[in-house]
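Here's the structure we're looking at; comments come further down.
Protein chains get the first letters and strands the later ones, always in sequence-line order, with residue 1 at the start of each.
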Amino acid sequence: MPELPEVETVVRGLQTRLVGEVVAEVCVRWPRIIATPAADRFERELCGRQIIQVTRRGKFVVMALEPSKSLLVHLRMTGQLLWAEPITTAGAPEPPDGDVHRHVFIRFASGATLSFRDQRKFGRLYLVDDPQDVLGGLGDEPLAASFTPQVLGALLRPHRRRIKPLLLEQRILAGLGNIYVDEALWEASIHPLRQAHTLSDVEAERLHAAIRLVLQRAIDNRGTTLRDYCDLQGQPGRNQEYLAVRNREGEACYRCGQAIERAVVGGRGTYYCPRCQSV
DNA sequence: ACACCCTCCTGGAGGC
DNA sequence: TGCCTCCAGGAGGGTG
């Protein structure tokens, strides 16, 4: 599933291709993919606008448009943004069709096409005047300079909740998902069921470093591909080779050799080492 | 405040 | 081989 590193990889790819492009044609095949406005208005109001800037906020792709609107994309579970260069061959099918999972096509004046593909149709696109309407509730960016161990400590202290579901909460910390929370907790030797407010300053510091390490390494590896994730060109990431616990049930912990266990925490499959992640 | 449930979806896995 | 049921999971909503 796309989390912060996967979205960051997609955004970096879009930055080099999309800025300056002008939308020529929009086609929505599955209207419910468009969160706002209604799909027909989305098609009309996106046309003619130019992409000024592409950034990331949490797991959202944020495209600033001129005249002033913002196009936001959330990939959720299986969403993909795919880029196709202009098709020069006369008579070639355009936009690329025959793929029932491609739900939105955006064709640019240059002839290039950006399409949104999503097997499970959980992903959402938003066309809004003010991106804060969608992004306003998001918590801290874990890779921002302002996110310090002290900030993390202050975020955790008020909560008696279990640490894992809390870290998945986007209004607390924006960008972590099921994979990287498990990886960060293993890296920091903290049990997923640990109550957030019981973390010591030293543990908060360890968790802070672990979150940053795990996310940065995944960005350097262009994301984790367990099943569906791919970049703009359809290429998988390499970070799956660096996972310590995810999908390693029964295999030896890289730190202590104990068998990795799987449990369900907050309804999510959770992988951890029962020996070196203390409750 | 927090745990738990449901909904949205569909491919893949497991049971028989 | 084939059919059927179950399941994962991000986020938002509701309930206890």
Q: Starting at atom CD1 of Ile163(A), determine the distance to atom P of dA1(B), rounded to an integer number of angstrom.
A: 17 Å
Q | Between P of dG12(C) and CZ of Arg171(A), the distance in whole Å | A | 6 Å
**Q.** Separation of atom CD in Gln119(A) from atom P in dG12(B), rounded to whole Å
**A.** 7 Å
Q | Candidates dC2(B), dA3(B), dG11(B) - which lies nearest the side chain of Arg162(A) | A | dA3(B)
Q | Glu169(A) CD to dA3(B) C1', straight-line distance once rounded to whole Å | A | 12 Å
**Q.** Whole-Å distance separating the CG atom of Leu168(A) from the P atom of dA8(C)
**A.** 15 Å
Q: In whole angstrom, give the distance that lies between atom CH2 of Trp30(A) and atom P of dC8(B).
A: 11 Å
Q. Does Arg117(A) place a side-chain N or O at less than 4.0 Å from the phosphate oxygens OP1/OP2 of dT10(B)?
A. no
Q | Side-chain ion pair, Asp182(A) and Arg268(A), N-O less than 4.0 Å | A | no
Q.
Is His159(A) close enough to dC2(B) that one of its side-chain N or O atoms is under 4.0 Å from OP1 or OP2 there?
A. yes
Q.
Tell me whether Phe122(A) and dG9(C) count as stacked here, given that the ring centres must be under 5.5 Å apart and the planes must differ by less than 30 degrees.
A. no
Q. Gln170(A) has a side chain; which of dT10(B), dC2(B), dA11(C) sits nearest to it?
A. dA11(C)
(Q) Whether Arg227(A) contacts dG12(B) is assessed here as follows: a side-chain N or O lying under 4.0 Å from the phosphate OP1 or OP2. Is that the case? (A) no
Q) Given atom CG of Leu4(A) and atom C1' of dG10(C), what is their separation to the nearest angstrom? A) 14 Å
Q: Name the residue closer to the 5' end of DNA chain C, choosing between Arg246(A) and Val134(A) according to the nucleotide with the nearest heavy atom.
A: Arg246(A)
**Q.** Lys121(A) side-chain N/O to dT10(B) phosphate OP1/OP2 under 4.0 Å
**A.** yes
Q.
Within the 4.0 Å heavy-atom criterion, would you say Arg76(A) contacts the bases, only the backbone, or no part of the nucleic acid?
A. base
Q: Would you kindly give the NE2-to-P distance between His103(A) and dC8(B), to the nearest whole Å?
A: 16 Å
(Q) Return whichever of Leu166(A) or His101(A) has its heavy-atom-nearest nucleotide of DNA chain B closer to the 5' end. (A) Leu166(A)
Q | Nearest listed nucleotide, side chain of Asn178(A), among dA11(C), dG11(B), dG9(C) | A | dG9(C)
Q: Side chain of Arg120(A) only, please: which of dG10(C), dC4(B), dA8(C) is the nearest?
A: dA8(C)
**Q.** Arg32(A) side-chain proximity, nearest of dC9(B), dC2(B), dG10(C)
**A.** dC9(B)
Q) If you measure from the Lys or Arg side-chain nitrogens to the Asp or Glu carboxylate oxygens, is any gap between Glu45(A) and Lys69(A) under 4.0 Å? A) yes
(Q) Ring centres under 6.0 Å, that's the criterion: do Tyr126(A) and His74(A) meet it? (A) no
**Q.** Side chain of Met1(A) - closest among dA11(C), dA3(B), dG9(C)
**A.** dG9(C)
**Q.** Verdict with reasoning, Glu25(A) to Arg107(A), per salt bridge (Lys or Arg N to Asp or Glu O under 4.0 Å)
**A.** CA-CA 5 Å; Glu25(A) 189 186 349; Arg107(A) 204 158 52 78; 2.3 Å; yes
Q.
Under 4.0 Å, counting only non-hydrogen atoms across every strand here, what does Gly269(A) touch: a base, just sugar-phosphate, or nothing?
A. sugar-phosphate
Q. Less than 4.0 Å between a side-chain N and a carboxylate O, is that true for Arg102(A) and Asp99(A)?
A. yes
Q: Anything under 30° is parallel, anything over 60° is perpendicular, the rest tilted; go ahead and classify Tyr254(A) against Trp186(A).
A: perpendicular
